[in-house]
Structures are given as C-alpha cells and as structure tokens.
Amino acid sequence: MIPITQEQIESFRSFVESHEQFLIAGHKEPDGDCVSCSIGMSYILRHMGKKYTLINAGPFKRAEIKKFANLFRSDIPKMNASEKAKTALILVDCSEMQRLGELDGNLEGLDTFIVDHHLTAEAKGTNRIIDATAPAAACLVQQIYEGIVGKPDANEAHTLFFGMATDTGFFRYLNEKDSSVFDCASRLTDAGVNPRAIYQEMTGGKPWNTRKLLSIMLERAERYCDGKLVVTYEEQADTRKYGQEGRDSDALYTLMLSTEGVEAVLFVRQESDTKCTAGFRSLKECDVSTIAAKFGGGGHKNASGASIQGRLESVIPAIIEEFSKVL
C-alpha cells in the first residue's frame, strides 16, 4: 500500500472546506469495507463541522452489516438550486456512478471527490485518492482521518478496523508488500480496537438457512480447466426457498480455494429471469478482474464480480471459456 501524501490530504481538506454539506455514497450491495468507509468519512466531516447524509442503494444482505442499514438512506434529499450549489458528493469504495445502483434522486452536477482502491477504477480529474495497492478502502479513509483529525477514539477505530478486516479476509489476503497495512491495524488497536471481537462480528451470527444453502452450492460444484477452476451456481428456486439475506459466499470461496490444485472459483446466481450475478475469486497470479471486465464487471485481481444479462445455462459456459484462456 502506498501511503497517502500530505498533498493528497490537503487536497481533500480543501475540497471539504469549500462546501457546506455532503452526500457520502458507496456501491450497491455494500460490504463491510464500503459501510466502514462511508461511516468513517462521516466521522471526518463531523469533526470538520460539516453536515452530511449517508447514501446507499443496498440491500444490506450480509449478516455482519445489517445493523448499519438504518444509518443510510436510498433516496437523494431534495435540494433547490441554492442548496445543490452548497452540496458535494464523496464516493467511497467505488469510482463509477453506475456502481451506486438504483437511487431515488439525481446526483448529476455535484462536485465530487473519490476515495477508492479498485483496480478497474477509471476516475478522471484531481479530486480523487485512488490506490489499487491498498487492500481496503478503509485504509485510505483511516489515513485521511489521521491526517486531518488525528488519533481516532475507540468507536471510530473499531469502524475503520472492521472495514480493513473484512476486505482483507482478516488479513489472509495480504502479502510481503503489505507491512504498512499492519501498521494501520496497529495504530487502530492502540486506539482501543479489540481484534478478537471484530473477528467474531465478521464470522459469527450467520443464519441457519445460509448453512443449508452452502451445502447445495458444494454439492453442485464441478471442476474445469484441468481441475484449476471450480464452478457452482444458485438457481431462483434456491433463492425463493432460502431467501436473499445473510448469504455466505465468502465461506464457499474459502472452502473451494483451499482445495488442492484449485486456482480460481466462479459462483453464478440467477437473480431474475434475464440476469445473473457472478462472483470471481482466485489465488496468486490468476487475475479475475480482467475476466470480470469482459462481462461488464470488475474489482480486484483476486476478487471481482459482474452483473450479466442471460441465464445460467449460457452465462456459465461463456465465463468458463474465458477462464480456459488463462488457466
């Protein structure tokens, strides 16, 4: 992770000081990092005496973030021309407006600052802090907070550590180049964070139906590309029976990637009669973000996703074909 420079921090400070109120928005179907970045950014604005509104289209499906849902709204506050001129938008954990999902209202024309860490980010302009080497956007928000406010209190540190821990798989996805991430974690622990409690927050409390659904995904799993790729799927009937809330695909990826010879995992869900969502995970050198990009998605080298028009019977073979070119 490349440390944020003082120049970048001052650029963000100047952006905030030049507006009176803010909308803080993250990507649809938020994860722990997105939620933590949004709330962490609100801490910075509060300390700077600015008004803010947290925006997210949801849904808040993951068990570990459901408790934060009531802090966000999915509609854009109505503003007259004068109010809109005083309002700015801060995008966290994403760079593209389309990643925000279906929001009730209009964000066009707002002065915007972006804080993101995704490899596929294509943001232009100077109002941005984007670092694809950062394993979590929360690491970037933490550095901005420390540069402007100083040491966080225990509650603020907990929020930032939670985002860092969820996007790094509780530090399992880090490598020898990520010592600065542990420096960030150390400073948050020094501020009063209990890592054990956050691990339980991340991994505990899963609904029983997710365990049953996991067993179905495992039963359907098949290997391709000489055993290097594992593919499984969820049908609409599964969703109707077990619900959409609290899915635990992370556990599925972990199990599959721990299998001998497996380098990548593909999980496809039939969301509607005409659309699928796909999750891509990999180990080491397999860059799934490039494969996801071929289907209109994106993300990280080892963790990406996409929303694809079509049905399972056509979408899965098409994605397997792309994997076969790199595995």
Side-chain angles (χ1 to χ4, degrees), residues 27-29 31 61-62 94 96 98-99 101 118-122 132 135 167 169 172-173 175 210-244 246-327:
H27 61 77
K28 64 181 179 180
E29 296 192 16
D31 54 10
K61 296 178 181 179
R62 299 168 182 260
C94 69
E96 300 85 13
Q98 61 265 31
R99 288 283 290 124
H118 288 95
L119 186 65
T120 51
E122 297 179 353
D167 238 29
R172 289 178 295 124
Y173 307 147
N175 58 42
T210 66
R211 310 297 94 178
K212 300 291 287 184
L213 185 57
L214 184 60
S215 70
I216 293 174
M217 301 301 100
L218 292 172
E219 177 66 26
R220 289 179 182 157
E222 298 288 347
R223 299 176 73 172
Y224 298 85
C225 303
D226 295 325
K228 296 177 183 179
L229 172 67
V230 173
V231 179
T232 191
Y233 57 92
E234 178 182 326
E235 298 176 336
Q236 287 178 282
D238 305 319
T239 307
R240 286 192 291 269
K241 183 173 182 178
Y242 295 104
Q244 299 186 35
R247 288 168 170 153
D248 196 12
S249 52
D250 289 342
L252 174 69
Y253 296 133
T254 298
L255 282 169
M256 294 295 93
L257 289 173
S258 66
T259 306
E260 182 180 11
V262 172
E263 296 181 18
V265 176
L266 167 65
F267 173 43
V268 185
R269 179 184 297 118
Q270 188 77 54
E271 295 284 1
S272 69
D273 289 341
T274 58
K275 186 179 76 172
C276 293
T277 56
F280 308 79
R281 295 295 186 276
S282 67
L283 299 172
K284 300 179 182 178
E285 298 308 312
C286 180
D287 187 350
V288 292
S289 70
T290 60
I291 297 175
K294 292 180 182 294
F295 296 92
H300 305 289
K301 176 181 178 180
N302 299 123
S304 292
S307 180
I308 308 167
Q309 291 297 315
R311 296 193 59 80
L312 291 170
E313 51 267 30
S314 59
V315 169
I316 290 177
I319 300 176
I320 291 174
E321 182 178 355
E322 292 300 325
F323 267 107
S324 69
K325 298 175 183 177
V326 298
L327 290 180

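In this chain, residues are counted from 1 in sequence order.
Scanning for salt bridge (charged side-chain N to carboxylate O under 4.0 Å, His left out) contacts around Glu313 gives Arg311, with sequence neighbours left out. The side chain to side chain contact (heavy atoms under 4.5 Å, CB included) check on Ala264 picks up Leu229, Ser282, Cys286, Phe323, Leu327, with sequence neighbours excluded. With sequence neighbours left out, the side chain to side chain contact (heavy atoms under 4.5 Å, CB included) criterion links Arg240 to Gln236, Ala237.
Exactly one residue among Arg220, Arg269, Lys212 makes a side chain to side chain donor-acceptor pair (under 3.5 Å) with Asp238. That residue is Arg220.
Side-chain atoms of Val230 and Thr259, non-hydrogen and from C-beta on, never get closer than 4.5 Å to each other.
With a 6.0 Å radius and a threshold of 12 heavy atoms from other residues, nucleotides or ligands, Asn175 has its CG atom above the threshold. Annotation: Gln98, atom CD; neighbour count of heavy atoms from other residues, nucleotides and ligands within 6.0 Å is above 12.
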Working for side-chain contact (heavy atoms from CB on, under 4.5 Å), residues Phe280 and Leu266: CA-CA 5 Å; Phe280 308 79; Leu266 167 65; 3.9 Å; yes

His300 and Tyr173: CA distance, side-chain angles, deciding distance, side-chain contact (heavy atoms from CB on, under 4.5 Å) verdict: CA-CA 11 Å; His300 305 289; Tyr173 307 147; over 6 Å; no

Asp287/Lys301 under side-chain contact (heavy atoms from CB on, under 4.5 Å): CA gap, chis, key distance, verdict: CA-CA 4 Å; Asp287 187 350; Lys301 176 181 178 180; 3.8 Å; yes

Trace of the side-chain contact (heavy atoms from CB on, under 4.5 Å) decision for Leu218 with Leu252: CA-CA 8 Å; Leu218 292 172; Leu252 174 69; 3.8 Å; yes

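Of all non-hydrogen atoms in Cys276 and Gly310, the two that sit nearest each other are SG-O, 3.5 Å. Ala292 and Gly298 make their closest contact through CB-N, 3.7 Å (heavy atoms, listed as atom of the first residue, atom of the second, distance). Residues Val288 and Ala303 come closest through the heavy atom pair CG2-N, 3.6 Å. Contact between Gly297 and Ala306 at its shortest, heavy atoms only, is CA-CB, 3.7 Å. The two atoms that bring Ala278 and Ile319 nearest to each other are CB-CD1, 4.1 Å, heavy atoms only.
One finds the OG1 atom of Thr277 at 8.0 Å from the CD atom of Glu234 (value rounded to the nearest 0.5 Å). Rounding to the nearest 0.5 Å places OG1 of Thr254 at 4.5 Å from CZ of Arg172. Between atom OG of residue Ser272 and atom CD of residue Gln309 there is a gap of 7.0 Å, rounded to the nearest 0.5 Å. Once rounded to the nearest 0.5 Å, the distance linking CD1 of Ile216 with OH of Tyr233 reads 10.5 Å. Met256 CE to Phe267 CZ: the interatomic distance, rounded to the nearest 0.5 Å, is 12.0 Å. One distance of note links CD1 of Ile308 with CD1 of Ile316; it measures 9.5 Å at 0.5 Å rounding.
The existence of a salt bridge linking Glu29 and Arg62 is excluded, since no basic side-chain nitrogen approaches an acidic carboxylate oxygen closer than 4.0 Å. Taking 4.0 Å as the cut-off between side-chain N and carboxylate O, Lys284 and Glu263 do not count as a salt-bridged pair.
Taking the six-membered ring where tryptophan is involved, the planes of His27 and His118 are perpendicular, since the angle between them exceeds 60° and thus also 30°.
Remark: side-chain polar atoms of Gln270 are paired, donor with acceptor, to backbone N or O of Leu312 under 3.5 angstrom.
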